[in-house]
Number of protein chains: 2
Amino acid sequence: MPKCIQNSLSDQVYTMLKEQILSGQLKGGMKIPEESLAEQFGVSRTPIREAIRRLSEYGLITIKPRSHAIVSIITEQEANDIAKVRVTLEQLAIDSIDDASYAENVKELSRYAADCQYAMGIGDRATVFEQDSLFHLALVRSSRNSALINICERLDAKIQQLRIAQNLPEDELSYYLSQHSQMMSLLRNGDKEACKQLLYEHITHDLTRHIAGNRT
Amino acid sequence: MPKCIQNSLSDQVYTMLKEQILSGQLKGGMKIPEESLAEQFGVSRTPIREAIRRLSEYGLITIKPRSHAIVSIITEQEANDIAKVRVTLEQLAIDSIDDASYAENVKELSRYAADCQYAMGIGDRATVFEQDSLFHLALVRSSRNSALINICERLDAKIQQLRIAQNLPEDELSYYLSQHSQMMSLLRNGDKEACKQLLYEHITHDLTRHIAGNRT
DNA sequence: GCATTGTGTACTGTATACAATATTGATATC
DNA sequence: GATATCAATATTGTATACAGTACACAATGC
């Protein structure tokens with residue numbers, strides 16, 4: 001799903017900065033002065049400012065007015081809060097899916113589920129998380145509810161940050177991924193209630209047990 | 001609930017621009033060139049740009065890259081989509097409210113409900129809508145779920161736009177407002193299921209029947 | 001008359017310069 | 001030694017200037 005043509009410097013900086021935060025290269029609590037970023041990216045402060053402001057709307061950066069911006073720190077409480085909202089929203093998505101949109105999206109969903117499994121097999125966690133995000137976003141898109149899609153896409157950045165902070169052990173992550181295809185077969189059989197229940201477990205299962213502490 | 005100290009020009013422009021859009025002074029589809037806004041507000045293009053970009057994140061403005069920005073147009077489909085999401089989110093809020101947080105927020109909720117009724121009595125629709133928003137946001141805040149609160153606050157701008165576009169007839173609006181206190185008494189009695197059901201009716205009841213057409 | 005191309009204008013995107021404020025560290029005071 | 005005060009510095013907030021692109025409209029060819 002191409003989000004933007006990415007021709008403007010603002011967009012490019014936005015994408016790269018987001019990647020640096022989600023990859024852990026920029027850690028929670030770190031100061032990010034505009035000028036040093038401008039030097040790093042070889043652009044002026046203007047596109048940097050725009051990217052920072054956009055990312056702050058997504059909760060990945062916290063701006064202290066007239067002072068400085070830091071990479072947001074995710075707390076255990078916040079993780080729980082997000083999980084609850086996420087379950088609710090994705091359950092709404094499931095409720096909204098009809099046969100036609102399921103048929104239209106089933107191929108995409110299977111591919112993401114398979115790619116997740118494959119990446120897990122070769123121990124590539126970054127790809128696992130990426131494909132997992134894509135799976136859930138595709139599920140949400142199947143709802144065809146534009147407002148829902150919007151909110152979930154915007155929440156996705158925070159969820160990615162969360163997934164990384166969670167640092168789930170291999171066996172749990174693997175189990176968790178196997179639920180993707182289970183959810184799909186439940187959907188195919190039209191058993192939405194079971195699917196929603198499984199989704200709940202999929203998302204909230206021991207969510208915060210493994211949250212890694214954020215250091216400043 | 002103070003959102004921001006509002007000392008920066010960007011914030012001020014943001015607030016005023018938002019008001020102009022929600023008051024209908026700036027109509028859906030209208031072009032909003034940075035320079036003319038800059039002149040109007042007596043500031044440079046920089047704070048204007050930042051305000052426009054922020055409002056575009058909230059869906060109130062649509063930016064056509066390298067071309068121009070317009071005031072977003074709300075469609076009937078979008079209105080329905082938002083309503084569904086809104087019901088879901090506010091129902092989650094109701095589920096999350098416990099006795100303590102209800103006790104803490106009941107005064108605020110009653111005040112907003114009462115102010116709504118009063119404003120309705122004197123035919124001040126702008127205040128009705130404003131207080132209605134505050135009522136629902138206070139309800140959501142009672143959940144103490146920061147992620148939920150965030151999303152609902154961000155969705156609020158779009159909901160306000162929607163309420164205005166709806167242009168509900170007086171009797172319906174009046175009936176709709178009376179449900180506020182009903183919801184509160186259900187909450188007080190701990191009957192969350194009934195409260196959620198009423199909320200559903202409150203929000204989706206004939207939602208799009210009166211949507212006013214947007215002109216370019 | 002209609003499509004196509006070219007040109008001018010208007011607007012956005014970005015860089016830079018300046019102003020205003022917060023932070024830091026040193027100094028003074030208790 | 002701890003706290004308060006102040007100056008120097010670093011960083012943000014805003015204005016302005018310039019470059020590049022999209023759009024409108026006229027000119028040209030069919």
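Below, chains carry the letters A, B, ... as their sequence lines are ordered, and counting in each starts from 1.
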Find the distance [X]:[atom1] to [N]:[atom2] and express it as a whole number of Å.
| X | N | atom1 | atom2 | answer |
| --- | --- | --- | --- | --- |
| E34(B) | dA17(D) | CD | P | 17 Å |
| E50(B) | dT12(C) | CD | P | 15 Å |
| E35(B) | dG13(C) | CD | P | 14 Å |
| Q12(B) | dA15(D) | CD | P | 11 Å |
| K64(A) | dT12(D) | NZ | P | 14 Å |
| L9(A) | dT12(C) | CG | P | 18 Å |
| I63(A) | dG13(D) | CD1 | C1' | 12 Å |
| D11(A) | dT12(C) | CG | C1' | 13 Å |

Indicate whether any N or O donor in one side chain lies under 3.5 Å from an N or O acceptor in the other, for S133(B) and R163(B).
->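 A pair is found: one side chain offers a donor N or O, the other an acceptor, under 3.5 Å apart.
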Before accepting this row, confirm whether a basic side-chain N of the pair [X]/[Y] lies closer than 4.0 Å to the acidic partner's carboxylate O.
| X | Y | value |
| --- | --- | --- |
| R53(B) | E50(A) | yes |
| R45(A) | E39(A) | no |
| K196(B) | D95(B) | yes |
| R86(B) | E90(B) | yes |

Taking only the side-chain nitrogens and oxygens of [X], find out if one of them lies under 4.0 Å from OP1 or OP2 of [N].
| X | N | value |
| --- | --- | --- |
| S8(A) | dT12(C) | no |
| T46(A) | dT14(C) | no |
| R45(A) | dT14(C) | no |
| R53(B) | dG13(C) | yes |

Of P47(B) and P33(A), whose nearest nucleotide on DNA chain D comes first from the 5' end?
->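 Looking at the nearest nucleotide for each, P33(A) comes out on the 5' side.
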Side chain of R49(A): nearest nucleotide among dA15(D), dT14(C), dT12(D)?
->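 That would be dT12(D).
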Could you point out which residue of L173(B), D132(B), L134(B) forms a side-chain contact (heavy atoms from CB on, under 4.5 Å) with C116(B)?
->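 When side-chain contact (heavy atoms from CB on, under 4.5 Å) is applied between C116(B) and each of L173(B), D132(B), L134(B), only D132(B) qualifies.
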Report the distance from atom OG1 of T127(B) to atom CD1 of I122(B), rounding to the nearest 0.5 Å.
->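 Interatomic distance, T127(B) OG1 to I122(B) CD1, rounded to 0.5 Å: 6.5 Å.
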Heavy atoms under 4.0 Å is the rule here; annotate nucleotides 19-26 of chain C 5' to 3' with B where the base is hit, S where only the sugar-phosphate is, and - elsewhere.
-> --SSSS--
